[in-house]
Each structure stands twice: as structure tokens, then as C-alpha cells.
Amino acid sequence: MTLDFQNPFANYGNIAYGEHFIGRKDALMIIENRIIRPREAGNLAIIGLPRIGKSSLVYKALIEHKRELVTQNLLPIWINLGTYDEAPVFFRSLIIHCVDEMEGLNWLSEPIDKAACRVLDDKISWSEGYGHIQRFFEKVRQVGYRILFILDEFDHARYLFKGDIVGFQRLRDLADNPEWRVNFVTTSRRSIRDIESQTQAISTFDGIFHKHYLAMFNSDDLEEYFMRLESVSIPVFPHVKDRILFYCGGYPYLLEMLGYEITEMFREEQSARSARVEEAAHRVEQSFVDHYDRTISLLQEDGSLHKILQVLFGPVVDVKQIDIDELLRYGLITRKAQEKCVAFSEHFHTFLNLIEREVDLWPLWRETESALRGVITSKMLEQYGENWVEDLEKARPNLQSIFDKCREAQSREEKLFGSRASRSLIDFTYPQDLFAIIFAEWSIFKSVFGKDKNYWDQRGQLLGKIRTPLAHNRDESLYDDMRKTAEGYCKEILRIVKTS
């Protein structure tokens with residue numbers, strides 16, 4: 001093999017088309033059945049995370065097959081909503097796009113052309129102009145043509161229609177009335193319902209859409225991805241797949257970014273016996289973190305960051321089953337054995353764990369956890385000095401497994417995220433770990449806490465359960481009772497520690 005082979009992921013970050021497109025058979029079938037196959041198409045909202053492949057999916061299903069669709073009198077027209085800052089300009093652009101496309105297809109009859117001219121007459125008011133828009137599409141329908149608008153970046157509608165109480169209603173009217181009906185396919189990060197609510201619009205536009213959440217690649221898609229690597233003779237052994245999935249999960253953008261680096265490294269050294277995933281991941285580390293930071297910002301904006309952190313790490317304060325279902329639909333989390341929820345990749349899970357320590361999910365618990373770590377550190381420094389962890393392990397061998405796990409977690413964070421990782425080993429402990437240390441050195445801590453071990457073991461067990469992520473089938477009312485009891489325990493611990 002020569003060095004001039006084409007990197008199959010050279011186009012990453014852009015709309016994937018043609019042979020660059022991977023998988024998504026189920027999603028393509030949904031578009032087929034909702035938009036292409038019916039004589040009278042419906043409306044479809046493609047919803048998903050940034051760079052999950054929404055635009056690529058729609059481009060593959062509709063724009064690449066534009067010639068075939070035109071033979072069925074179905075004209076797909078691509079519009080990036082993010083390029084508009086005024087609603088009237090956007091609505092008139094629908095006509096401009098139609099006229100340009102229809103003229104190229106010799107579909108532009110005299111009645112349709114005259115109707116378009118009335119819409120684009122600068123002398124008429126916007127409200128009157130909208131009436132002409134209806135009549136334009138009525139003329140189009142009368143000759144049997146069907147118009148399909150693909151509204152990419154539809155999240156921008158929350159700005160475009162801000163303060164415009166009829167913007168969404170006019171879109172619904174265009175899609176609803178059989179006399180001038182057009183169809184819409186939207187791509188967006190948020191649901192149309194959420195986008196509408198941010199404009200304070202009163203509309204039922206969301207109700208006319210079938211919603212499809214585009215999540216991570218499934219197993220078939222991943223196999224096709226790995227075949228792309230193998231197509232340029234890169235050996236992809238099982239352990240290589242495992243490491244790629246560790247970093248990327250099924251996230252298409254991350255997979256293609258890492259795949260690009262793996263391929264380029266292979267080009268540099270074709271004698272490699274296997275893909276050098278760790279080195280490639282190091283090269284794109286900052287790009288991964290940048291994407292994570294953008295995702296975190298979006299989750300914060302939507303109020304979802306607290307939800308996902310609670311589900312993954314606890315303590316659970318205000319998460320409902322509907323919140324978990326939403327995170328699952330987006331593919332941000334997935335279920336593992338025993339209904340345990342994890343992030344879409346172990347790498348992102350570790351990143352979120354780092355974020356979790358910086359965010360007050362439940363201020364009372366955060367204060368309690370911090371207070372326990374503080375009093376343990378203070379007492380152990382008095383007893384053992386600066387190297388108290390190592391000396392405590394020697395004195396209490398049963399605690400070594402706890403600190404070994406903390407070291408593993410700390411090392412993993414440092415390796416993956418460098419200076420963002422915590423330098424304090426005790427930051428990686430959990431409630432059960434903290435109470436295990438206290439009980440192992442009870443002769444020292446008894447003067448602080450009073451009572452006996454059984455008394456505090458009961459409290460430690462419940463606080464540990466509260467700190468544990470939400471299980472799928474946990475009884476919500478029971479969990480609320482546990483949290484109320486835990487609040488009392490937290491206040492008790494804080495009172496004791498502060499007066500010690």
C-alpha cells in the first residue's frame with residue numbers, strides 16, 4: 001500500500017455525504033416513511049446533541065436524492081435558519097428559494113411567477129405580504145408540486161421569533177392548510193416545544209411533528225466505522241476497539257476526529273502493528289475537551305447539567321423519571337448492568353465526575369461532605385503528619401483498598417485532564433469511605449462525634465444510599481423520605497463538626 005491513500009475521515013466536522021456517511025439505517029427509514037414514501041408527506045423534527053449528525057442525516061436522505069424526489073414532484077429546499085435575523089425576511093426567502101429552484105426545473109408557470117412577484121413587492125405591508133405567501137403556495141399546490149423545506153439549525157427560531165407572537169403560528173398555517181400546504185423537516189438541539197416556550201409563543205406548531213431523537217451510533221454503525229479504518233489496512237483488534245469506545249462511545253463527531261488522527265499516524269508509520277489509540281487521543285485531547293465544554297454549557301443553559309450529574313453521581317435532589325428518559329433519548333447516558341446509568345463514554349463520564357466536584361448539586365450535602373473530609377484531614381494530620389495517608393494505610397491495612405481506588409481515580413483524571421484534576425486524594429472518597437476512616441480511628445474521632453459506632457454507621461449507610469445514583473425502579477416517594485431524613489443527618493454532622 002502507498003502513502004497516498006485517502007483518509008476516510010478527512011471530512012470530519014462537516015456534513016457527511018456520499019461514501020463519507022456512516023450507518024443510520026433506522027433513522028433513514030423513518031425519513032423514508034414519514035417524508036418520501038407517502039403521497040402526502042408529514043413533518044419531521046430531528047433532535048439531537050451538537051455534531052451528532054442531524055444535518056448529515058437529512059442531507060443523505062433528501063438532498064442527495066433530490067433528482068429522484070423531483071421526478072415525484074417533491075422539491076426539497078435546504079434553508080439554514082441561523083442565517084436570518086428578521087422573521088419577514090425569512091418568510092419571503094421561502095418564496096425566493098422556491099422561485100430559484102422551480103425556474104431551474106422549468107416548473108415556474110406564469111401564475112406562480114405572478115404570485116411570487118406580489119409577495120416580493122416592497123410596497124406592501126408584512127401582514128398583507130403573508131397573505132400573498134399563502135396564495136403563492138396555493139398556486140404551487142394546484143399544479144401538483146410539493147415543497148419540502150429543510151430548516152437546519154432550527155434552535156435559532158427562539159431568537160428569530162422572539163417577541164413575534166405569530167411566527168410559529170404562520171409556520172403551522174403553511175404546513176396545515178391543504179390548499180397551500182408545505183412540509184417541514186427541522187434539525188435542532190432542543191425540541192420544538194422547548195424552542196417555542198423560550199419565545200413565549202402560544203402555538204401548536206410542535207404538535208404537527210413526528211419527533212426523532214438522533215443519538216449515538218448503534219452496534220451496526222460502529223462496525224461500519226471500524227471497517228473504514230480497516231479499509232486503509234489499519235489493524236483494528238478487539239483491544240483497539242475497546243480503547244476507541246472508551247474515548248468516544250458512539251459519538252460520531254468524536255469517533256471521526258479520533259479516526260482521522262489514527263489514520264494519519266498510520267500514514268506516518270505504516271509498519272505499526274495496530275492503531276495507536278492513546279497517542280492519537282492525546283493529539284485530539286484539547287478538541288475533545290472543547291467539545292465537552294460546549295456540551296456542558298448547553299446542558300447548563302437547559303437546566304440539564306444538574307440532572308445528569310445527579311443521575312450519574314448523586315445525591316439525587318430533584319430528578320424525575322422523565323428527566324432520565326430525556327437524557328437516554330439524547331444518548332448522553334446509557335444503561336449498564338443492574339440498571340446503572342453511565343455517560344456515553346468512560347472518558348466523558350470521568351470528565352463529568354470532575355465537573356461534579358465543582359458544582360453544588362445539593363448545597364447541604366456538599367457542605368457536609370466537605371466538612372467530613374476537612375475534619376478527617378485535620379485529625380489525621382495531627383496524628384500522623386503530612387504523609388498521613390501512607391502512615392494510616394500502614395497502621396490500618398483494611399483502608400488500603402479505599403485509598404488505592406482513590407489513587408486510581410486521581411491518576412485517571414490526571415492522565416486524561418491534567419491540571420484540571422484534583423490534587424487531594426481524599427476528594428475521591430465516598431461517604432462509605434469517609435465513615436470507614438472514622439471508624440478505623442474511632443479512638444480519635446469519638447471525642448468529635450460522640451455516641452457509638454452503631455449510631456453513626458446507621459447515618460453513614462443512609463448517606464451512602466443518598467449519594468448513590470438514582471436507580472431506574474426506585475420508589476420516588478420512598479426516596480424523598482430518605483432525603484428528608486438525610487437532611488437531618490447532614491445538619492447534625494455539620495453542627496457537631498463546627499463545634500468540635
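With hydrogens and angles left out, the side-chain atoms of Y84 and E153 include no donor and acceptor closer than 3.5 Å. Residues N353 and E413 bring no donor and acceptor atom of their side chains to less than 3.5 Å of each other. Side-chain atoms of D290 and S287 form no donor-acceptor pair, as typed in the model, at a separation below 3.5 Å. For the 3.5 Å distance criterion, the side chains of R357 and S422 fail to qualify, holding no donor opposite an acceptor. For the residue pair N454 / Q458, no side-chain donor-acceptor distance below 3.5 Å is found, with atom types taken as modelled. Looking only at atom types and distance, the side chain of Q321 has a donor-acceptor partner in the side chain of D325 under 3.5 Å away.
Remark: R172 is not positioned above the aromatic ring of F205, lacking an NZ or CZ atom under 6.0 angstrom from the ring centre and at most 45 degrees off the axis. In this structure, R189 is positioned above the aromatic face of Y330, its NZ or CZ under 6.0 Å from the six-membered ring centre and within 45° of the axis. Geometric assessment of R267 against the ring of F5 yields a positive cation-pi assignment under the 6.0 Å and 45° thresholds. Under the 6.0 Å distance and 45° angle rule, R420 does not count as a cation-pi partner of F417. Judged by the 6.0 Å and 45° rule, R467 forms no cation-pi pair with W362. For the pair R228 and F226, the NZ or CZ position fails the cation-pi test of under 6.0 Å to the six-membered ring centre and within 45 degrees of the ring normal.
Remark: side-chain polar atoms of Q300 are not paired, donor with acceptor, to backbone N or O of L305 under 3.5 angstrom. Of the possible polar contacts, none joining the K307 side chain to the D323 backbone as a donor-acceptor pair under 3.5 Å is found. Under a 3.5 Å cut-off, the side chain of D391 and the backbone N or O of W388 do not form any donor-acceptor pair. At least one donor-acceptor pair closer than 3.5 Å links the side chain of Q310 to the backbone N or O of H306.
Counting non-hydrogen atoms of neighbouring residues, nucleotides and ligands closer than 6.0 angstrom, the NZ atom of K162 exceeds 12 such neighbours. Atom CD of Q286 has more than 12 heavy atoms from other residues, nucleotides or ligands within 6.0 Å.
When ring centroids are compared, H349 and F313 come within the 6.0 Å threshold. Proximity of the aromatic rings of Y251 and F344 is defined here by a centroid distance below 6.0 angstrom, and this criterion is met.
In this structure, the side chains of Y260 and V284 stay at 4.5 Å or more apart for every pair of heavy atoms.
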